[in-house]
Structure formats: C-alpha cells, structure tokens
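Let me begin by presenting the structure, written as structure tokens, before commenting on it.
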Amino acid sequence: MSGNGSIDTGLEEMLYSLARNKGIDPDKTIHIFRLLLDSAGQKGLSDEDLEALTGYRQGEIRKVLRLFYEIHIASYRRGRHPETGATRYYWKIDLETMNINLIRRKKAVLDKLMHRLRHEESTTFYVCPNDGSRYTFDEAFENEFVCPKCGSLLEEEDNTPYIEVLREVTRRLREEIERDEKSIYSG
Ligand SMILES: [Zn+2]
C-alpha cells in the first residue's frame with residue numbers, strides 16, 4: 001500500500017499478475033514501481049540508480065522498465081550522467097497517464113463482469129453432485145440431465161448467492177471507477 005493517496009492499491013495487484021504472466025519477477029517489479037513512485041517530482045531514476053538501490057541485474061531492471069513503458073505508466077527522458085557525461089535515461093512514473101490507463105482497464109473488467117452477471121441472471125444452471133461440473137439448461141437438456149462425465153443425475157443449481165456476489169462486486173467497481181474519474185478530471 002503506497003503512501004500516495006492518488007494511487008489505487010489495485011494497481012499493484014494488477015502489475016504483479018501482469019509481470020508474472022510475462023515471465024518477469026513480480027516482486028522485483030513492485031519494488032521498482034515503488035522506488036519510481038517515491039522519486040516522483042525529482043529528475044527520475046536511471047537504470048544504474050535502480051541497480052544501486054536494489055542490487056538487481058540491469059537486464060532484469062530493463063525488462064521491468066520496458067513493461068512499464070509498454071503499458072504507459074512510465075516515461076523516460078534523456079540526460080547526462082553527472083560525472084561521466086555519458087547518456088543516461090531517467091525514468092519516472094507518469095501519474096496522469098497511469099490513472100487514465102488504469103480506469104480503462106477497470107472498465108474492461110467491469111464489462112466482463114456485467115456480461116457474466118447477465119448470463120447468470122438469464123440462465124438456469126445444472127450441476128453434477130458428484131464432480132461439481134456445471135451445465136446450462138440447454139447442455140443439461142441435450143444430455144437428458146445426466147452428467148456426460150460420470151453419469152450422475154444433474155441437479156438444478158441455485159445460483160442466487162453467486163449472482164449476489166457479482167452484483168456487489170460490479171457495484172463496488174462502478175463506484176471505484178466514478179471516484180477515479182472524479183479525482184482525475186476535477187483537477
Ligand atoms: Zn458428473
């Protein structure tokens with residue numbers, strides 16, 4: 001949990017799974033993200049700075065920076081090393097772009113959940129009491145209400161608890177998106 005009030009805590013979870021999916025060390029990704037975030041308002045951190053701060057290999061650090069760049073949460077500017085004069089790239093987290101990008105992703109998640117919710121609300125499901133596999137009414141009907149996997153008689157499922165959870169989750173997410181949008185576009 002970052003101390004910066006404008007950063008949503010869900011972002012770190014998202015970065016964590018994004019990094020893991022791309023084969024990048026997720027803990028190192030979060031560590032580098034926090035270091036860049038803490039240095040906001042300064043000139044930014046070069047990959048050498050990050051190497052000195054973390055002890056991670058440059059190759060690993062560059063992978064993380066490339067990921068941040070690809071998902072538009074970080075930007076860099078060219079500068080010179082204060083002593084050697086060599087070209088350096090200084091990285092920082094781009095807060096506004098990051099938040100806009102985050103809202104876009106949350107909306108995509110909300111879309112999927114709403115689709116799921118409507119599907120649950122409009123469909124009668126059947127479940128196998130033996131192996132827990134789940135079928136729509138049409139699928140169950142085609143199989144004469146017998147589980148195609150194990151032959152048990154299918155039972156009608158009460159999916160109300162699941163629907164209630166989905167309603168609650170989508171309600172909260174929608175509120176969160178509204179809050180995010182207010183905080184970005186009010187300033
Ligand atoms: Zn079964």
Side-chain angles (χ1 to χ4, degrees), residues 1-117 165-187:
M1 314 298 123
S2 163
N4 189 323
S6 65
I7 305 302
D8 198 277
T9 49
L11 178 69
E12 288 195 355
E13 281 164 43
M14 203 172 69
L15 283 177
Y16 192 92
S17 57
L18 205 59
R20 201 179 37 195
N21 290 344
K22 294 204 168 224
I24 302 168
D25 188 306
D27 291 313
K28 290 178 179 172
T29 301
I30 300 301
H31 188 192
I32 292 172
F33 175 71
R34 288 182 182 171
L35 288 171
L36 288 176
L37 211 52
D38 288 344
S39 75
Q42 299 160 35
K43 69 178 167 62
L45 296 173
S46 69
D47 48 2
E48 269 185 347
D49 295 332
L50 287 166
E51 189 186 16
L53 286 165
T54 61
Y56 303 154
R57 286 182 292 116
Q58 289 248 347
E60 293 177 311
I61 292 167
R62 292 210 182 105
K63 268 189 209 167
V64 172
L65 292 174
R66 203 177 309 131
L67 172 69
F68 292 167
Y69 188 69
E70 278 169 11
I71 61 173
H72 307 293
I73 65 168
S75 58
Y76 63 83
R77 91 185 155 69
R78 266 164 83 109
R80 298 227 165 264
H81 189 281
E83 281 138 39
T84 66
T87 301
R88 282 276 154 263
Y89 294 93
Y90 293 94
W91 289 81
K92 47 171 47 174
I93 296 294
D94 189 337
L95 288 178
E96 184 155 327
T97 320
M98 185 181 81
N99 285 328
I100 290 171
N101 205 33
L102 183 62
I103 290 176
R104 202 173 293 144
R105 279 163 190 267
K106 281 182 184 171
K107 281 182 173 170
V109 171
L110 180 61
D111 260 9
K112 273 190 197 144
L113 289 173
M114 287 306 293
H115 187 81
R116 180 90 231 179
L117 174 60
V165 168
L166 276 173
R167 280 196 188 130
E168 178 61 16
V169 169
T170 51
R171 187 186 61 78
R172 280 197 215 158
L173 187 56
R174 198 175 299 113
E175 282 175 5
E176 198 179 303
I177 291 169
E178 277 169 23
R179 259 202 317 276
D180 289 351
E181 286 186 323
K182 253 181 225 153
S183 77
I184 287 186
Y185 300 115
S186 65

Consider side-chain contact (heavy atoms from CB on, under 4.5 Å). Of Arg179, Arg174, Glu181, which one does Ile177 pass it with?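 Exactly one pass, corresponding to Glu181.
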Per the side-chain contact (heavy atoms from CB on, under 4.5 Å) rule, which among Asp38, Val64, Ile93, Leu67 passes with Phe33?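 The side-chain contact (heavy atoms from CB on, under 4.5 Å) with Phe33 is passed solely by Ile93 among Asp38, Val64, Ile93, Leu67.
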Checking Arg77 against Tyr89 for the side-chain contact (heavy atoms from CB on, under 4.5 Å) test, could you report, in this order, the C-alpha distance in whole Å, the side-chain angles of both residues, the deciding distance, and whether it holds? CA-CA 6 Å; Arg77 91 185 155 69; Tyr89 294 93; over 6 Å; no
Heavy-atom pair of closest approach, residues [X] and [Y]:
{"X": "Glu48", "Y": "Gln58", "value": "CG-NE2, 3.7 Å"}
{"X": "Gly44", "Y": "Ser39", "value": "CA-OG, 4.5 Å"}
{"X": "Ala19", "Y": "Pro26", "value": "CB-CA, 4.0 Å"}
{"X": "Thr54", "Y": "His31", "value": "CG2-CE1, 3.7 Å"}
{"X": "Ile30", "Y": "Glu12", "value": "CD1-O, 3.3 Å"}

Checking Asn101 side chain against Ile73 main chain: does a donor-acceptor pair fall under 3.5 Å?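 Between the backbone of Ile73 and the side chain of Asn101 there is no qualifying donor-acceptor contact (under 3.5 Å).
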Donor-acceptor pair, Asp49 side chain versus Ser46 backbone, under 3.5 Å?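 Yes, the answer is positive, given that a donor and an acceptor are paired below the 3.5 Å cut-off.
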Verify the neighbour count for atom [atom1] of [X]: are there more than 12 heavy atoms of other residues, nucleotides or ligands below 6.0 Å?
{"X": "Lys63", "atom1": "NZ", "answer": "no"}
{"X": "Lys28", "atom1": "NZ", "answer": "yes"}
{"X": "Lys43", "atom1": "NZ", "answer": "yes"}

Quick one: pull up [atom1] in [X] and [atom2] in [Y] and give me the separation to the nearest 0.5 Å.
{"X": "Asp47", "Y": "Arg57", "atom1": "CG", "atom2": "CZ", "value": "14.0 Å"}
{"X": "Ile24", "Y": "Leu15", "atom1": "CD1", "atom2": "CG", "value": "10.5 Å"}
{"X": "Glu51", "Y": "Tyr56", "atom1": "CD", "atom2": "OH", "value": "12.5 Å"}
{"X": "Thr170", "Y": "Leu117", "atom1": "OG1", "atom2": "CG", "value": "5.5 Å"}
{"X": "Tyr90", "Y": "His81", "atom1": "OH", "atom2": "NE2", "value": "6.5 Å"}
{"X": "Glu70", "Y": "Leu18", "atom1": "CD", "atom2": "CG", "value": "9.0 Å"}

Please tell me if the side chains of Lys92 and Leu45 come closer than 4.5 Å, counting only heavy atoms from C-beta onward.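 A side-chain contact under 4.5 Å is absent here.
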side-chain contact (heavy atoms from CB on, under 4.5 Å) assessment of Glu168 paired with Arg171: CA-CA 5 Å; Glu168 178 61 16; Arg171 187 186 61 78; 2.9 Å; yes
Looking at Glu178 and Lys182, is there a salt bridge between them, counting it only when a charged N and a carboxylate O are closer than 4.0 Å?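 Judged by the 4.0 Å cut-off on N to carboxylate O distance, Lys182 and Glu178 do not form a salt bridge.
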Taking it one step at a time, do Asn99 and Asp180 satisfy side-chain contact (heavy atoms from CB on, under 4.5 Å)? CA-CA 8 Å; Asn99 285 328; Asp180 289 351; over 6 Å; no
Over 60° means perpendicular and under 30° means parallel, so tell me whether Trp91 and Tyr76 are parallel, tilted or perpendicular.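 Trp91 vs Tyr76 ring planes: tilted.
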